[in-house]
Engineer: 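I have a structure here, written as structure tokens, and I will follow up with some questions on it.
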There are 2 protein chains.
Amino acid sequence: MSFTKEEIIQTLKKRGLRVTPQRYGVYANLLQRQDHPSAEELLLDLNQAAPTSSQATVYSSLKALQSAGLIREVLLEEGVCRYDANTDPHHHFRCHHCGAIEDIAWEQFPPVDLAQLRPGLQGERYEVTVHGICEKCDAQNP
Amino acid sequence: MSFTKEEIIQTLKKRGLRVTPQRYGVYANLLQRQDHPSAEELLLDLNQAAPTSSQATVYSSLKALQSAGLIREVLLEEGVCRYDANTDPHHHFRCHHCGAIEDIAWEQFPPVDLAQLRPGLQGERYEVTVHGICEKCDAQNP
DNA sequence: CTTTGTGCAAACGATTTGCAGGATG
DNA sequence: CATCCTGCAAATCGTTTGCACAAAG
């Protein structure tokens, strides 16, 4: 799951995106993270050492990367939109105590037959969302 | 799926909620709807004939009903939170064209074994979200 | 050099909050 | 009659937008 600077740049170009330091930063950051940061968390991380990107630019980079199919939104809690550079199908686990999100391998769960839906509905993709407690919060629990 | 006025009132009281016209209205409305309205859609519907409830009250009623376990949030799209008076476990289908949401019976899909999660994660509940096209949008499609 | 991206600040839509008056149990 | 709810308007949060300048190809 490690990418060279050059690989990332080529990926961006291949999708027709101009390569700017900010856009590169957003995508590279997302690629090397295993959590699913919100736009604000990303912004904080990117500007941690030195300011590299403005709020508006992070949002627009995320939109550009998303319409290019390089990242996707993850909706697991109210109010915030999180982002995921893993575009392969997979499921999600969310700790309802600390909010941590973790990927679950696609093969982990039995496949769902979308042809079983009631006539009229055409299912195209699906995902399983598991809600529970992660080890960290489980340990702290009263 | 039909409830008498008295039943609804008793349910509210049983959960320790005071019965006010506004709160009753929100819950009764949700119970008789099959879609999953947002707070704003609910507000519009409630005030359609005559003004019965303010924006702030609808939001606070929803919060009260939710913490009483009578309704639940449904998160399927960015930006809005929808509400569901069906608290039994079930899955969701969402048409990515018109945004319509429909319940899918729990038995429709093979059960997921939450014990299979990686050690450390304690799954408590899960649901399947299917994205696709509904019949109405399928017919209109080019 | 043409097109697209950036940064700022103001605008926005959904939800929340503070508070005074009103209704519930 | 003590407690909790309602309505209003202002406040807040995440996200979007308009626009002048800067950078990418």
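Values below: all heavy atoms of this structure, side chains included; hydrogens, waters and symmetry mates excluded. So you know, we letter chains A, B, ... as the sequences are listed, proteins then strands, and number each from 1.
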Engineer: Select base, sugar-phosphate, or nothing to describe what B:S53 touches, counting heavy atoms under 4.0 Å on all strands.
Structural biologist: sugar-phosphate
Engineer: Kindly give the heavy-atom pair with the smallest separation between B:L42 and B:R33, and that separation in Å.
Structural biologist: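 The pair with the smallest heavy-atom distance is CA-NH1, 4.3 Å.
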Engineer: Could you go step by step and tell me if A:H36 and A:N86 meet the side chain to side chain donor-acceptor pair (under 3.5 Å) rule?
Structural biologist: CA-CA 10 Å; A:H36 301 63; A:N86 177 5; over 6 Å; no
Engineer: What is the distance from CD of A:Q55 to P of C:dG5, rounded to the nearest Å?
Structural biologist: 19 Å
Engineer: Does B:V19 or A:Q22 map to a spot on DNA chain C nearer the 5' end, using the closest nucleotide for each?
Structural biologist: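 Nearer the 5' end of the strand: A:Q22.
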Engineer: Just the rounded figure in Å: distance from P of C:dT15 to CZ of B:R82.
Structural biologist: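 Computing the B:R82:CZ to C:dT15:P distance gives 10 Å.
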Engineer: Please determine which of B:H92, B:E77, B:E73 meets the side chain to side chain donor-acceptor pair (under 3.5 Å) test together with B:R82.
Structural biologist: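 Result: among B:H92, B:E77, B:E73, B:E77 is the only option passing the side chain to side chain donor-acceptor pair (under 3.5 Å) with B:R82.
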Engineer: Counting only side-chain heavy atoms from C-beta out, which of C:dT16, C:dT6, C:dT24 sits nearest to A:S60?
Structural biologist: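 When the side chain of A:S60 is considered, C:dT6 is the closest of C:dT16, C:dT6, C:dT24.
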Engineer: Between B:L42 (CG) and C:dT15 (C1'), how many Å, whole number?
Structural biologist: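 It works out to 14 Å between those atoms.
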Engineer: Could you tell me how far apart B:L12 (CG) and D:dC4 (P) are, to the nearest whole angstrom?
Structural biologist: 17 Å
Engineer: Nearest heavy-atom pair of B:L30 and B:P37: which atoms, and what distance?
Structural biologist: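 Heavy-atom minimum between the residues: CD2-CG, 3.7 Å.
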Engineer: Can you give me the closest heavy-atom contact between A:P110 and A:Y126, atom names plus distance?
Structural biologist: O-OH, 4.4 Å
Engineer: Without decimals, in angstroms, what is the distance between B:L62 CG and C:dT17 P?
Structural biologist: 15 Å
Engineer: When the distance from CZ of B:R15 to C1' of D:dC4 is rounded to whole Å, what number comes out?
Structural biologist: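 The answer, rounded to whole Å, is 20 Å.
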Engineer: For A:Y24 and D:dG25, give me the distance from atom OH to atom C1', rounded to whole Å.
Structural biologist: 19 Å
Engineer: Measure from the side chain of A:R18, starting at C-beta and using heavy atoms only, and say which of D:dA24, C:dT15, D:dT16 lies closest.
Structural biologist: D:dA24
Engineer: What nucleotide, of D:dC5, C:dT16, C:dT6, holds the atom closest to the side chain of A:R23?
Structural biologist: C:dT6
Engineer: Between D:dG14, C:dT17, C:dG5, spot the one nearest the side chain of A:Y59, thanks.
Structural biologist: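 From the listed options, D:dG14 comes nearest.
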Engineer: From the options C:dT17, C:dT6, D:dG7, select the nucleotide whose nearest atom is closest to the side chain of B:K63.
Structural biologist: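 Nucleotide nearest to B:K63's side chain: C:dT17.
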Engineer: Can you identify which nucleotide, out of D:dG14, C:dG25, D:dT6, has its nearest atom closest to the B:T57 side chain?
Structural biologist: D:dT6
Engineer: Does B:A64 reach a base, just sugar-phosphate, or nothing at all? Heavy atoms under 4.0 Å.
Structural biologist: nothing
Engineer: Find which nucleotide of DNA chain C each of B:K13 and A:P21 is nearest to by heavy atoms, and output the residue with the more 5' nucleotide.
Structural biologist: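 Checking each residue's closest nucleotide, the 5'-ward one belongs to A:P21.
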Engineer: How long is the line joining CG of B:L17 and C1' of D:dT3, in whole Å?
Structural biologist: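 My rounded result for the distance is 14 Å.
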Engineer: Taking OP1 and OP2 of D:dC4, is either one under 4.0 Å from a side-chain nitrogen or oxygen of B:T20?
Structural biologist: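 Looking at the OP1 and OP2 atoms of D:dC4, neither is under 4.0 Å from any side-chain N or O of B:T20.
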Engineer: NA contact type, A:E40, heavy-atom cut-off 4.0 Å: base, sugar-phosphate, or nothing?
Structural biologist: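 It contacts sugar-phosphate atoms only.
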